[in-house]
Every structure is written in structure tokens, then in C-alpha cells.
Number of protein chains: 2
Amino acid sequence: MSGMTQEQGGLVYNVFTTGCPSRGTLEHVTGRWGGLTLGALHEGPLRFNELRRRINGVSEKMLSQTLSALERDGLVHREAQPTNPPRVDYELTPLGRRVTDRLLTLIHCVEDAMDDVLAAREEYDARQKS
Amino acid sequence: MSGMTQEQGGLVYNVFTTGCPSRGTLEHVTGRWGGLTLGALHEGPLRFNELRRRINGVSEKMLSQTLSALERDGLVHREAQPTNPPRVDYELTPLGRRVTDRLLTLIHCVEDAMDDVLAAREEYDARQKS
DNA sequence: CTGTATCCTTAATGATACTG
DNA sequence: CAGTATCATTAAGGATACAG
């Protein structure tokens, strides 16, 4: 398979290589809506429309698409009750929780850095004008 | 400013809110090329074309665009020698290193999970067929 | 070598309407 | 409620040429 190397009997995945499947999964996790979806589910299971309200700005279509990708990758579990009206709960799998923990650490790091980031932007923009 | 709350005298940024500037920075960090660029620079300073060769698949245009955004956010420092031919080195700032450390932890977590992810996909696809 | 500018193509997203 | 389908729009990306 492309983008992977063999090493001591185990397959080694490398996101830096085109064609490595890990690149796609990383994109699902860090994509515009993927990350926010995982973050929202970190606090506990949520229904479809609960998620929509939490993730400010996501459309039905994108949320549906995002959830499918995450479910297919084994990061999110989908539990559908066969009731009427239907009720569907989404929750993180153990694997999803591991990934999301790391993702949230990154997110919080970025949020904490924003004062510095905004200051850097002002300086950069000022330098460009001159 | 939109997307931020005030709390005990400090500004609180929240990527889950539309309009919060942290959302943009997170996208620079986790975007298709931003993450790979930061990851490549983690090992040390690199020149423009060295970066291009490292980041398999990136075009001149996207790399240039990505580097500008990261520089503006204060995550990457650009050092241009006024020689001919020109030589430009890019390296992480201390802030960029903090963010990149978290990002690489996430990336490695995803890479390590890929065997499970691929297995989950097969199961998902099999379930869809039936 | 290190980019910028342009054009063009494709992929992502959003709005809307509709189904079970 | 929980989606899917369709269409229109927009944004991202790639190829190429060229400038400093």
C-alpha cells in the first residue's frame, strides 16, 4: 500500500506522505467540522440536533457527512432507537476519546495563545504597510 | 469582539463559537498544509524548497500562502538573507513550538490508531452493503 | 532561489426542499 | 426528529508563467 513503510513486522503510517491513509483520517479529525464535532461529543453523547445547536454554524448536510466519516473511521458510535419519532445518539468510541483528548489539548493551547497571536498579527500587518 | 466572553478580567476564546478569531488560527494550524508545515519545521529551520520537498504534494502557491498565514499568526519566523540568489529560512517561534508539540502528539496518536481505523472502515463498509 | 500573479478546474459548502 | 437529494455558490487548489 502507498505511503506506508514496513518496520519490524508492523506497518508504519506517515501523514507526511501522499497516499498514506492516515492523512485522510487526520483530515477528518482536524477538518473544519470534524474537530468541533469530536470536541462537542467529548462531554458526552448527543443527539443530531443537539450537536447542530452546539456546533455553531454547521449545516445539516455537513454535520451528517462529518458524522458518517467519523463513524466509518471508528471514532464515533451511532446508536439509533427504532422509535417514532426517531432518536439517534452519537458518542465517542474509546479510540475516539483517545484522539479527542489530544485534539482538545491542542485546541486549548491555541485558545490560550490567542492574545499573542492577535498581537503578532497587528505587528505583521503594520510591517506590511511600511 | 464576537465569539469571546469576558471572565475575571481575561478574554476567553472559544473555537466552538462562530466569529471567534481562535477558529481561524486553529484552521491555519490544522488545515491541509498548515499542520504538515509546522510538523516539518519541528525538526529545525528549513528553506522554502526544502519544505516543498518535505511536504509531499504541496504546490509553491499553497506553501507560500500557508507560510504567510503562520508567520502572521506568530507561529513561524521568516528570516531572509539579502543575498543573490536569495536564501530564506523558516523556523518555529517559541509559540509555534508549543502549538506544534500538541499537534504532533495528535498526529502520532492518529498514525498509531490507523490499524484500528482501517479495520473499522471495513466493518462499516460491510454493514452498508447488507 | 524565492516567491507573486493569473487563469482554470475541482472540491467544499450552503440553501432549500423533501422523505421515513 | 433525523436525515437525504438536489442545485447553486463559493472557496480551495493546481498549473503555468514570470519577476526580484
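For clarity, every value in this text was computed on a predicted model and none was experimentally measured. First the proteins, then the strands, lettered A, B, ... as listed; each starts at 1.
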Bend angle of the helix from C/dC1-D/dG20 to C/dG20-D/dC1, from helix axes over five pairs at each end, nearest 10°
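Axis-to-axis angle, ends of the helix: 50°.
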Residues in salt bridge (Lys or Arg N to Asp or Glu O under 4.0 Å) contact with [X], at least two apart in sequence or another chain:
X        : result
A/Glu43  : A/Arg54
A/Arg52  : A/Glu60
A/Glu91  : none
B/Arg121 : A/Asp73

Among A/Leu41, A/Thr93, A/Thr37, exactly one meets side-chain contact (heavy atoms from CB on, under 4.5 Å) together with A/Val76. Which residue is that?
A/Leu41
Results of side chain to side chain contact (heavy atoms under 4.5 Å, CB included) for [X] - residues two or more places apart only:
X        : result
B/Ser68  : A/Tyr124
B/Asp112 : none
B/Glu27  : A/Arg32, B/Arg23
A/Arg87  : A/Arg47, A/Gln81, A/Thr83, A/Asp89

Nearest-Å distance for atom pair [atom1]/[atom2], residues [X] and [N]:
X       : N     : atom1 : atom2 : value
A/Leu63 : D/dA5 : CG    : P     : 16 Å
A/Arg53 : D/dA2 : CZ    : C1'   : 12 Å
B/Leu67 : C/dT4 : CG    : C1'   : 14 Å

Contacts under 3.5 Å, N or O only, protein and nucleotides 11-20 of chain D:
| unit_1 | atom_1 | unit_2 | atom_2 | d |
| --- | --- | --- | --- | --- |
| D/dG13 | N7 | B/Lys61 | NZ | 3.4 |
| D/dG13 | O6 | B/Lys61 | NZ | 3.4 |
| D/dG14 | O6 | B/Lys61 | NZ | 2.3 |

So do B/Thr100 and B/Arg97 actually touch side chain to side chain, heavy atoms under 4.5 Å?
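No - every pair of side-chain heavy atoms lies 4.5 Å or more apart.
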Might you confirm whether atom CD of A/Glu123 has over 12 heavy atoms from other residues, nucleotides or ligands at distances under 6.0 Å?
no
Any chance you could lay out the side chain to side chain contact (heavy atoms under 4.5 Å, CB included) test for A/Val58 and A/Leu36, step after step, and finish with the verdict?
CA-CA 10 Å; A/Val58 71; A/Leu36 299 175; over 6 Å; no
State, without any angle test, whether A/Asn56 and B/Thr18 hold a side-chain donor-acceptor pair at a distance under 3.5 Å.
yes
I need the residues from residues 36-51 of chain B with at least one non-hydrogen atom less than 4.0 Å from DNA chain C; give them sorted by number, or say none.
B/Arg47, B/Phe48, B/Asn49
In residues 77-85 of chain A, which ones come under 4.0 Å of DNA chain C, going by heavy atoms?
none
Think B/Tyr90 has a side-chain N or O under 4.0 angstrom from the OP1 or OP2 of C/dG3?
yes
